[in-house]
Amino acid sequence: MPAKTVLIADDDRDLVEVLAERCRRLGLDVLAAHDAMTTLALVRQEHPDLACIDVNMPSGSGFGVCEMLESDEELSPMPVIMLTGRADEETIRRCHAMCVYYVLKSHDVWQRVEPILCELLNVEPLGTP
Amino acid sequence: MVKARLRVLLVEDDLDHAKFAKLALGGADLTQFEWAHVTSLAAAKECLAAEEYDVVLLDLGLPDARDFQALAHVRQQRPQISVVVLTANNDPASGIAALAQGAQDYLYKGNLNSRTLERILRYAVQRQQMRLELQKANDLLDQRNNELQNANALLDQKNQHLAELYNTAYQFVDNVSHEFRTPLTVIKEFVSLIRDGLAGQITCQQREFLDIVSDRTDDLVIMVDDMLDVSKLEAGLLSVWRRETTVADVFERAHPILERKAAIKHVALETAVEDDLPVVYCDPEKVGRVIINLMTNAIKFCGDGGCVKLWGQRHEELPEVRIGITDDGPGITPENLQVIFDRFRQVEGVARSGTKGFGLGLSIAKELVHLNLGTIHVQSQPGAGSTFWFTLPVWKPDELVLRYVERTRHLGDATAQATLLVAAMEPPVEPSVSHTMDELLQHLFHGTDLVLRVLPHKWVVVAKCHRNEVDRMLARVQSTLTEADRNRPGAVLPRIDLCAQGTWNIEEQADDLVDHCRVELHCEPKAPPSAQTGNTVLSPETV
């Protein structure tokens with residue numbers, strides 16, 4: 001079975017790198033994007049199995065990307081994790097409204113993202129030593 | 001203020017009538033009156049220009065003025081003078097009309113006698129004086145009103161300015177917190193990557209040091225969260241997602257951070273949770289933050305070699321669970337105990353007693369506990385350690401309504417009103433759909449409202465909402481639900497009917513509110529729910 005692919009989109013390159021490293025350790029292939037347009041293009045081209053998207057990105061918001069994906073029948077089943085520093089009601093409400101996972105950039109982000117990833121992509125979590 | 005001697009100008013072209021009028025006053029004390037008599041408006045004008053008069057006795061039918069022309073002229077020339085018009089006996093209407101045109105009184109020519117004339121003249125003068133005084137008072141009021149309006153406009157302006165400043169400050173805190181979170185996350189994630197040995201082997205000491213970096217980054221994240229919560233609490237914008245939760249789930253959220261903290265500070269961390277704790281109703285994220293705040297304090301004060309115990313117990317009588325943190329630290333003095341949850345007093349206390357760390361954490365913990373319908377307590381003796389504990393309500397909808405009403409009353413807004421709403425979907429509802437809808441509804445309402453999922457397809461909502469605002473609230477909820485559906489073309493949520501059952505004043509009609517809630521909590525939703533308003537009928541199952 002070919003490796004599952006995860007798209008990580010955040011304008012903070014360091015954050016993308018560290019999450020990508022974690023994903024690769026789980027045996028996943030990783031695509032990286034740093035703005036909304038690239039995110040959208042990569043999703044259309046590569047059809048990743050899951051996308052982890054930041055809300056505030058150059059050239060468009062993560063929500064905008066999600067809305068465009070949802071209106072595309074072929075792409076809408078792809079699960080999305082919204083990774084954001086925003087904890088305001090509006091952001092959370094929109095995540096719920098769009099049925100995407102909301103993860104706050106807070107303590108132990110990976111510990112929150114990993115279980116979602118593993119469950120959705122059906123991969124074994126890597127126990128921390 | 002009635003002048004003793006009245007100066008009267010009689011304007012009457014009919015000399016017989018004029019004579020009659022003078023005769024009529026014959027019975028009165030003539031020294032009280034000073035008379036002048038003219039026969040035309042033109043002559044009257046001259047007189048009024050040359051002399052001062054108190055009252056004009058005016059015939060309406062003059063040779064050089066018709067109808068009310070003469071009256072209008074006199075009024076214009078001498079706005080302050082009082083005027084009594086003389087009318088023909090067969091014309092009461094024009095007398096009344098003259099009053100509307102500014103005369104003080106009217107008199108039938110045939111009715112002239114000494115008593116009526118004297119009285120009417122005096123009254124007319126007095127009435128005019130009163131009118132003038134009233135006018136003056138009115139002008140003064142107008143002026144004051146203007147001044148007040150100006151002051152008000154100024155206040156409005158200042159208010160708006162303050163609101164803008166407040167909003168800017170709020171936005172600033174919001175943005176800063178957000179901007180802080182990404183770099184903090186990056187630091188934390190790289191540290192934990194190295195710490196987990198994913199970037200090559202590390203030594204025990206290196207791991208220990210990295211744990212310290214991680215822990216201090218946690219502190220910063222906690223501070224950012226606290227700062228954001230304070231500004232949101234003040235703005236009344238802190239949202240909660242209260243739901244059926246286990247205590248174990250709450251503990252799980254806090255545990256990794258606490259474990260790290262305890263290990264670094266060389267404090268033993270014990271957990272003692274009673275078996276079979278009932279399901280509680282709270283926002284596990286927020287309650288996790290309460291535990292982190294309380295534990296962070298406990299670990300800090302215990303110091304090297306101390307022991308902190310996190311425990312959970314069922315209350316013997318009340319439908320609540322107690323979560324507690326007991327430390328064997330230095331304890332707290334009785335004076336400090338009294339102000340420990342009070343934000344501003346604490347800040348003072350910190351400076352004086354040097355009990356560093358009792359900052360925002362405890363006051364936020366208190367607010368978050370209250371938001372979850374619980375209470376927070378502390379018990380301590382200097383030298384014998386401290387115990388902080390708080391309560392979480394057990395998932396029992398009836399009790400939760402009581403608690404909610406109590407809490408809302410306790411907040412002290414005597415005019416607060418609560419509206420009871422029932423939201424229902426056509427059963428059966430998939431668990432995932434029920435969950436999504438619960439999440440959506442919880443976020444559509446606020447921390448000041450209560451949203452209870454009593455069946456997979458039915459919610460009872462008590463919203464702190466005034467009678468006049470119910471329609472607007474329903475519209476807002478409905479539009480968000482519609483929007484949610486538009487964004488979900490793959491899996492449209494089933495229709496949900498939202499129906500307001502009534503509004504009650506929380507202070508005075510709490511019992512009615514609770515009774516109506518009870519009925520709704522225990523009955524099947526009616527089909528269609530929107531057909532039913534106002535009084536509710538018990539369904540057969542509950543009778």
Side-chain angles (χ1 to χ4, degrees), chain A residues 10-22 24-26 54-56 63 66-78 83-115 126-129, chain B residues 174-175 177-193 195-199 207 214 217-218 221-222 224-225 228-229 232 237-239 241 253-254 256-257 260 285 288 292 432 436-444 446 480-481 483-491 493:
Chain A
D10 198 306
D11 59 336
D12 192 300
R13 285 162 192 266
D14 294 334
L15 187 62
V16 172
E17 195 185 322
V18 74
L19 291 177
E21 184 58 31
R22 285 285 189 182
R24 283 193 284 268
R25 297 284 170 162
L26 285 176
D54 182 24
V55 172
N56 289 23
F63 283 127
C66 281
E67 268 161 24
M68 283 189 221
L69 294 182
E70 299 226 354
S71 58
D72 186 322
E73 230 169 87
E74 200 185 334
L75 301 175
S76 65
M78 179 190 68
L83 186 57
T84 173
R86 305 217 75 100
D88 56 292
E89 199 162 343
E90 175 65 12
T91 303
I92 299 172
R93 195 181 59 70
R94 288 190 74 178
C95 284
H96 291 317
M98 288 199 291
C99 245
V100 300
Y101 291 86
Y102 162 81
V103 174
L104 180 66
K105 288 179 185 170
S106 179
H107 312 277
D108 309 303
V109 164
W110 180 248
Q111 279 184 25
R112 288 170 190 238
V113 172
E114 192 184 22
L126 207 68
T128 43
Chain B
D174 199 56
N175 289 340
S177 322
H178 167 238
E179 296 299 328
F180 274 25
R181 278 201 171 113
T182 306
L184 284 171
T185 302
V186 171
I187 296 170
K188 278 219 61 174
E189 290 307 315
F190 270 106
V191 167
S192 90
L193 201 75
R195 189 224 174 259
D196 291 351
L198 298 182
R207 178 178 296 177
S214 230
T217 322
D218 279 339
V221 176
I222 293 170
V224 168
D225 285 346
L228 201 60
D229 276 1
K232 279 191 178 170
L237 289 172
L238 196 65
S239 65
W241 181 18
R253 282 163 200 271
I257 299 163
R260 197 155 47 223
E285 192 80 31
I292 290 175
S432 66
T436 306
M437 189 54 87
D438 189 46
E439 217 168 331
L440 199 55
L441 286 175
Q442 291 283 358
H443 279 97
L444 276 175
H446 303 286
T480 313
L481 288 170
E483 185 195 334
D485 270 345
R486 207 176 42 239
N487 288 327
R488 201 180 284 112
L493 279 177

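For the options B:P256, B:P183, B:A199, B:S192, heavy-atom pairs under 4.5 Å to chain A are most numerous at B:S192. With chain A as partner, the option from B:E285, B:R253, B:Q442 having the largest number of non-hydrogen pairs under 4.5 angstrom is B:E285. Put simply, of B:V224, B:D218, B:L198, the one with the most heavy-atom pairs under 4.5 Å next to chain A is B:L198.
In this structure, the portions of A:L15 lying under 4.5 Å from any heavy atom of chain B include both its backbone and its side chain. No part of B:I187 comes within reach of chain A, as not one of its non-hydrogen atoms sits under 4.5 angstrom from that chain. Of the atoms belonging to B:E179, not a single heavy atom falls under 4.5 Å from chain A. Residue contact with chain A, scored on non-hydrogen atoms closer than 4.5 Å, is absent for B:L184.
Side-chain atoms of B:E189 come within 3.5 Å of backbone atoms of A:W110 as a donor-acceptor pair (strictly under, hydrogens ignored). Remark: the backbone N or O of B:S214 is not paired with any side-chain donor or acceptor of B:R260 at under 3.5 angstrom.
Two residues are said to be in side-chain contact when any heavy atoms from C-beta on lie closer than 4.5 Å; B:D438 and B:W241 meet this criterion.
From B:T217, atom OG1 reaches atom CG of A:D108 across 10.5 Å, with rounding to the nearest 0.5 Å.
In this view, A:N56 and A:R86, B:H178 satisfy the side-chain contact (heavy atoms from CB on, under 4.5 Å) rule, not counting sequence neighbours. Qualifying side-chain contact (heavy atoms from CB on, under 4.5 Å) partners for A:L104, counting only residues two or more places apart in sequence or in other chains: A:A87, A:Y102, A:S106, B:R181.
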